[in-house]
Amino acid sequence: MRYNNQVEVWENDTHSINNGRLIQKHICRDIQLGALLNVVVYSLTWFGVVVSDADEIDDDEASGELEGLIKAANDPDTEWSSGDPDFMDRIFDWVAPSAWVTHFISIGSLSKKQVSAELRRIPDGCNAARWLSKNLGREVVVQKAYRHMGGRDLRAALSKPPG
């Protein structure tokens, strides 16, 4: 058995600007064999029974659309066209479609992609409405209920549909 006495702690908050970045490294100098074996046995029993992939699929709008795309991709008779210019944006945009209406009064002449990219750059604790106004201009107006939020909180609010 081999073990690494160095532990890396990574940011796992998907709404944080630091998501996926290394936070700290720790070195454990006093590892005892009994404690190590206890952790190994605990980790083997922690995750419980295996769940099939089919059981994990949610019946929400996004997964339903993705399921349809997968079926279409596997169907040899499917004809593909680039008639929908927003196709890739609808699939990969992290902002819930209804959030553009419920969280913003206006995004002006800017595209959702431009605003979305700037939302990802807002520091977690910085006021998001002021940041957007400063960096994208006054045409981007956040709804009054969300103007107090920092970058992380606004990203979290935008990523899930209201309600």
Side-chain angles (χ1 to χ4, degrees), residues 1-67 69-70 73 87-100 102-104 107 110-137 140-163:
M1 177 186 301
R2 292 182 184 184
Y3 67 91
N4 184 355
N5 68 341
Q6 181 175 316
V7 177
E8 295 178 343
V9 180
W10 296 80
E11 178 64 64
N12 193 30
D13 182 351
T14 57
H15 306 300
S16 173
I17 196 170
N18 294 318
N19 185 36
R21 293 187 182 155
L22 181 65
I23 298 172
Q24 286 182 321
K25 286 185 180 183
H26 295 283
I27 296 176
C28 305
R29 300 195 194 305
D30 300 337
I31 296 179
Q32 298 176 349
L33 181 60
L36 180 64
L37 292 173
N38 188 31
V39 169
V40 170
V41 171
Y42 179 77
S43 66
L44 291 173
T45 60
W46 171 258
F47 296 103
V49 297
V50 177
V51 177
S52 72
D53 291 341
D55 293 339
E56 294 179 7
I57 296 174
D58 294 328
D59 288 331
D60 63 354
E61 181 181 323
S63 67
E65 185 174 355
L66 186 57
E67 256 181 42
L69 289 170
I70 291 169
F87 172 75
M88 294 301 277
D89 292 341
R90 286 188 298 108
I91 300 301
F92 295 105
D93 191 8
W94 60 273
V95 177
S98 60
W100 293 109
T102 58
H103 292 66
F104 292 93
I107 61 169
L110 299 169
S111 71
K112 292 177 182 177
K113 187 182 284 186
Q114 289 172 301
V115 177
S116 180
E118 192 61 38
L119 284 164
R120 280 283 181 209
R121 287 191 273 278
I122 303 171
D124 291 346
C126 183
N127 183 281
R130 278 188 241 136
W131 176 279
L132 291 171
S133 180
K134 177 183 171 193
N135 292 296
L136 296 178
V140 177
V141 182
V142 177
Q143 290 280 2
K144 189 174 183 176
Y146 302 99
R147 289 183 192 158
H148 69 281
M149 291 184 165
R152 188 234 170 262
D153 294 334
L154 185 61
R155 282 189 293 272
L158 287 168
S159 67
K160 54 188 166 213

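Note: hydrogens, waters and symmetry copies are ignored here, and every other heavy atom, side chains too, is used.
For the 3.5 Å distance criterion, the side chains of N19 and T14 fail to qualify, holding no donor opposite an acceptor.
Using modelled atom types, no side-chain atom of S16 and backbone atom of D13 make a donor-acceptor pair closer than 3.5 Å. Counting only distance, with no hydrogens or angles, the side chain of N18 and the backbone of R21 share no donor-acceptor pair below 3.5 Å. Judged by distance alone, with hydrogens and angles left aside, the side-chain atoms of D153 form no donor-acceptor pair with the main-chain N or O of M149 at under 3.5 Å. Of the possible polar contacts, one joining the R155 side chain to the H15 backbone as a donor-acceptor pair under 3.5 Å is found. With R152 contributing its side chain and P123 its backbone, the two residues share no donor-acceptor pair below 3.5 Å. In this structure a side-chain-to-backbone donor-acceptor pair under 3.5 Å is missing from N12 to G20. Q114 places a side-chain N or O within donor-acceptor distance of the main-chain N or O of S111, the cut-off being under 3.5 Å.
To the nearest 0.5 Å, the span separating CG on N127 from CG on L132 amounts to 9.0 Å. Once rounded to the nearest 0.5 Å, the distance linking CD of E118 with NZ of K113 reads 15.5 Å. Taken from NZ in K112 to CG in L119, the straight-line distance is 13.0 Å, to the nearest 0.5 Å. From C126, atom SG reaches atom CD1 of I17 across 9.5 Å, with rounding to the nearest 0.5 Å. Rounding to the nearest 0.5 Å gives a distance of 4.5 Å between CD1 of I23 and CD of E11.
By the 4.5 Å heavy-atom criterion applied to side chains, F104 and V141 are not counted as neighbours.
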